[in-house]
Colleague: 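Questions regarding the structure given below will be posed in turn.
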Amino acid sequence: MNYQKPSQPKGTRDFSPVEMNRRNYIFRIIKETFELYGYQPIETPAMENLTTLLGKYGEEGDKLIFRILNSGDFISGIDPSELLNSSSQKISGKISEKGLRYDLTVPFARYVVQHRNEITFPFKRYQLQPVWRADRPQKGRYREFYQCDADVIGSDSLINDAELLVMADQIFRKLNIGVAIKLNSRKILTGIAEIIGHPDKIIDITVSIDKLDKIGIDKVNEELAERGLDQSAISKLQPIINLSGSNEQKLDRLKELLTSSEIGKAGIEETAEVLKFAEQMGIVDKPELDLTLARGLNYYTGTIIEVKATEAGIGSLSGGGRYDNLTGIFGLPGVSGTGISFGADRIYDIMNEKNLFPEHTSGATHVLLINFGGNESIACLKLASFLREHNINTEFYPEDAKIKKQFAYADNKQIPWVVIIGENELATNTMQLKNMHTGEQKTADQQLLLQIITE
RNA sequence: GUGAGUAUAGCUCAGCUGGUUAGAGCAUCAGAUUGUGGUUCUGAGGGUCGUGGGUUCGAAUCCCAUUACUCACCCCA
């Protein structure tokens with residue numbers, strides 16, 4: 001080999017047929033669940049105008065947006081002296097006007113604003129598409145990954161927030177993944193920031209206490225101090241961070257602590273309401289109120305949701321929350337939305353790690369017909385179309401290769417059933433049906449074949 | 001953006017403090033087996049040791065640079 005080995009860009013992946021069938025299994029369950037609750041699919045383009053994307057994800061987020069170079073002679077309009085003297089940021093604004101989508105929520109907000117006259121509110125949509133982030137990849141983090149979002153926009157009702165929790169509960173149970181569903185409220189966090197006397201530091205506070213699980217209380221306090229909180233504020237924060245007990249107990253205690261904060265009290269009430277609705281909808285794995293849950297995106301204003309795998313430090317599998325004014329930025333104020341996003345790739349990783357996929361994911365070939373050539377192959381071709389009419393994924397081996405080779409092919413592709421029609425079978429109008437898993441083989445006719453392989 | 005590690009066959013890796021023609025397992029292909037895979041046996045193909053430079057009689061091995069990847073931090077699905 002004397003050519004440069006080809007490779008994909010870092011943080012991106014190829015998906016093999018086996019992987020795709022498994023990924024589709026995840027997508028199917030997510031879609032089905034979304035649709036059970038009345039969410040309908042939309043898609044938006046891979047690229048958006050930078051004006052749509054920039055400023056929505058904070059300073060860090062802006063840096064992580066993949067920019068697309070303008071087509072044509074993108075450098076022509078620029079003064080050479082400008083190239084030398086101005087920052088790369090400024091220049092990039094001149095040579096790039098589009099970027100790859102960073103998440104699905106902001107494009108959705110854009111979609112809603114643009115199509116507001118065609119949409120009936122409340123609008124429930126889901127969207128399963130890749131997003132791109134120019135991050136440094138690492139475990140469970142990719143530069144191209146799929147998000148599966150469900151959002152309701154144009155409804156203030158907390159039933160929607162509860163519905164998201166219930167859907168998350170259902171999806172992870174269907175997938176057989178053990179998770180902890182966590183709930184918080186941005187309003188409670190705001191209330192906390194108010195009563196400790198640092199309403200302006202809410203982001204710093206939330207980012208720091210979000211790490212509690214990971215780095216421990218001492219480090220969190222250190223970081224809070226570094227971020228400019230005085231000691232009295234930090235000590236006021238301690239009883240709040242350390243709240244324990246049931247959700248009810250936590251909420252009761254919070255009521256006492258946040259009496260002086262109107263917004264804090266509202267958050268407590270709303271959270272109690274969301275939990276009540278979720279319970280009435282029959283949620284199985286009860287969400288846990290977790291005040292250290294903050295989530296990065298700045299646009300959440302109410303409920304905050306996160307789902308983590310019970311074991312495995314792979315980060316969150318799903319996250320979401322309520323945003324009161326996302327469409328406001330695009331000129332449609334006063335529309336509240338709430339939504340949740342599932343990270344398909346992390347879900348895949350964890351299912352793979354724990355062997356949670358069913359043995360045969362649909363999409364794979366179900367039956368292979370062995371090719372003997374001649375008249376036998378005519379019988380096989382007819383049988384194959386019969387099976388396909390019954391919606392059974394069927395392959396006829398295209399060459400009359402050695403039987404051994406054909407069987408090895410079936411084995412390799414993990415095809416569960418193999419049918420043999422040779423000279424003898426052709427004469428008696430039968431076939432040999434072999435179960436590749438057990439090795440059992442029996443004589444069958446068309447009807448028996450259909451019956452056996454569909455049970 | 002910051003820090004650390006790795007780079008040898010399609011994949012996973014071995015190759016000791018530098019010493020002839022670079023190894024294994026798995027995978028692939030062929031045969032043992034002309035109607036039977038997942039077990040066994042035999043054989044074959046496949047590598048300018050990431051790239052460029054340096055030290056040396058001699059470099060996969062030591063040094064420098066560079067690129068790519070991995071892991072962690074920041075941040076996040």
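In what follows, chains are A, B, ... by sequence order, proteins preceding strands, each numbered from 1. Computed from heavy atoms alone, side chains included, the values below leave out hydrogens, waters and symmetry copies.
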Colleague: In whole Å, measure the gap between the P atoms of B:C62 and B:A7 for me.
Modeller: 10 Å
Colleague: Of the nucleotides B:C75, B:A77, B:G35, which one has an atom closest to the side chain of A:I403?
Modeller: B:G35
Colleague: Establish whether the base of B:G37 is bridged to the side chain of A:D411 by a donor-acceptor pair shorter than 3.5 Å.
Modeller: yes
Colleague: Restricting to side chain to side chain contact (heavy atoms under 4.5 Å, CB included), what partner residues turn up for A:M47, sequence neighbours left out?
Modeller: A:I68, A:K98
Colleague: Just by distance, no angles: are the side chains of A:Y300 and A:N184 close enough, under 3.5 Å, to form a donor-acceptor pair?
Modeller: no
Colleague: Say we look at B:G3 and B:U66: how far apart would their P atoms be, to the nearest angstrom?
Modeller: 14 Å
Colleague: How far does the C1' atom of B:C26 sit from the matching atom of B:C57, given to the nearest Å?
Modeller: 40 Å
Colleague: With no hydrogens and no angle check, just 3.5 Å: does a side-chain donor-acceptor pair link A:Q127 and A:R125?
Modeller: yes
Colleague: When only distance counts, do a donor and an acceptor, one from the side chain of A:E376 and one from the base of B:G35, lie under 3.5 Å apart?
Modeller: no
Colleague: With sequence neighbours left out, write down each residue that passes salt bridge (charged side-chain N to carboxylate O under 4.0 Å, His left out) with A:R173, or none if nothing qualifies.
Modeller: A:D169
Colleague: Taking only heavy atoms on the protein side, list every residue of residues 429-442 of chain A lying under 4.0 Å from any atom of RNA chain B, sorted numerically.
Modeller: A:Q432, A:K434, A:M436, A:H437, A:G439, A:Q441
Colleague: Looking at B:C75, I'd like to know if its phosphate oxygens (OP1 or OP2) sit under 4.0 Å from a side-chain N or O belonging to A:K63.
Modeller: no
Colleague: Hey, does A:Y142 reach any base, or is it just sugar-phosphate, or nothing, if we go heavy atoms under 4.0 Å?
Modeller: base
Colleague: Once you apply a heavy-atom cut-off of 4.0 Å, does A:K413 come out as touching a base, just sugar-phosphate, or nothing?
Modeller: nothing
Colleague: What is the base-pairing partner of B:C49, counting Watson-Crick and G-U wobble geometry with both distances under 3.5 Å?
Modeller: none
Colleague: Heavy atoms only, 4.0 Å cut-off, all strands: where does A:N412 land among base, sugar-phosphate and nothing?
Modeller: sugar-phosphate
Colleague: Taking atom types as modelled and ignoring hydrogens, do the side chains of A:S316 and A:E306 form a donor-acceptor contact shorter than 3.5 angstrom?
Modeller: yes
Colleague: Is it true that A:D345 and A:R13 make a salt bridge, defined as a side-chain N closer than 4.0 Å to a carboxylate O?
Modeller: yes
Colleague: In the structure shown, which nucleotide is the Watson-Crick or G-U wobble counterpart of B:C29, with both distances under 3.5 Å?
Modeller: B:G43
Colleague: Taking the six-membered ring for Trp and the single ring otherwise, decide whether the centroids of A:F357 and A:Y348 are under 6.0 Å apart.
Modeller: yes
Colleague: With A:N221, which of A:Q238, A:Q231, A:E226 fulfils side-chain hydrogen bond (donor to acceptor under 3.5 Å, both in side chains)?
Modeller: A:Q238
Colleague: Quantified in whole Å, what is the C1' atom distance between nucleotide B:G25 and nucleotide B:U20?
Modeller: 26 Å
Colleague: Just checking A:V207: base, sugar-phosphate only, or nothing, at a heavy-atom cut-off of under 4.0 Å?
Modeller: sugar-phosphate
Colleague: Side chains of A:N393 and A:T365 only: does a donor on one sit below 3.5 Å from an acceptor on the other?
Modeller: no
Colleague: Are the ring of A:F145 and the six-membered base ring of B:A77 within the stacking cut-offs of under 5.5 Å and under 30°?
Modeller: yes
Colleague: Taking the same atom, P, in B:G23 and in B:C63, what whole-Å distance lies between them?
Modeller: 25 Å
Colleague: Quantified in whole Å, what is the P atom distance between nucleotide B:A59 and nucleotide B:G53?
Modeller: 13 Å
Colleague: Name the nucleic acid region contacted by A:Q414, choosing base, sugar-phosphate or nothing; use a 4.0 angstrom heavy-atom cut-off, strictly under.
Modeller: nothing
Colleague: Determine which nucleotide pairs with B:C71, using a 3.5 Å limit on both distances of a Watson-Crick or G-U wobble pair.
Modeller: B:G3
Colleague: Once you apply a heavy-atom cut-off of 4.0 Å, does A:A408 come out as touching a base, just sugar-phosphate, or nothing?
Modeller: sugar-phosphate
Colleague: On a whole-Å scale, what distance lies between the P atoms belonging to B:C69 and B:G18?
Modeller: 32 Å
Colleague: Over 60° means perpendicular and under 30° means parallel, so tell me whether A:F172 and A:F342 are parallel, tilted or perpendicular.
Modeller: tilted
Colleague: Quick one about A:E19 and A:N352 (side-chain donor to acceptor, distance below 3.5 Å, no hydrogens or angles considered), yes or no?
Modeller: no
Colleague: Relative to each other, are the rings of A:Y111 and A:F108 parallel, tilted or perpendicular (30° and 60° limits)?
Modeller: parallel
Colleague: Quote, to the nearest angstrom, the P distance that separates B:A14 from B:A68.
Modeller: 24 Å
Colleague: Would you call A:E270-A:R186 a salt bridge at under 4.0 Å N-O?
Modeller: no
Colleague: For B:G18, give its Watson-Crick or G-U wobble partner with both distances under 3.5 Å, or none.
Modeller: none
Colleague: Could you identify which residues of residues 446-455 of chain A place a heavy atom less than 4.0 Å from some atom of RNA chain B, listed by residue number, or say none?
Modeller: none
Colleague: Could you pull out the protein-nucleic contacts involving nucleotides 31-34 of chain B (nitrogen or oxygen on both sides, under 3.5 Å)?
Modeller:
unit_1, atom_1, unit_2, atom_2, d
B:G31, OP1, A:K402, NZ, 3.1
B:G31, OP2, A:K402, NZ, 2.7

Colleague: Measuring only between side-chain heavy atoms, which start at C-beta, is A:Y146 closer than 4.5 Å to A:R23?
Modeller: yes
Colleague: On the nucleotide B:A77, are OP1 or OP2 found under 4.0 Å from the side-chain N or O atoms that A:K308 carries?
Modeller: no
Colleague: Could you go through the side-chain hydrogen bond (donor to acceptor under 3.5 Å, both in side chains) check for A:S155 and A:N160 one step at a time?
Modeller: CA-CA 8 Å; A:S155 164; A:N160 299 313; 2.7 Å; yes
Colleague: Does A:K124 reach the main-chain N or O of A:Y37 with its side chain, forming a donor-acceptor pair under 3.5 Å?
Modeller: yes
Colleague: Is A:R227 touching bases, backbone alone, or none of the nucleic acid, heavy atoms closer than 4.0 Å?
Modeller: sugar-phosphate
Colleague: Set out, line by line, the N/O atom pairs under 3.5 Å between protein and nucleotides 69-71 of chain B.
Modeller:
unit_1, atom_1, unit_2, atom_2, d
B:C69, OP1, A:K10, N, 2.8
B:C71, OP2, A:K139, N, 3.4

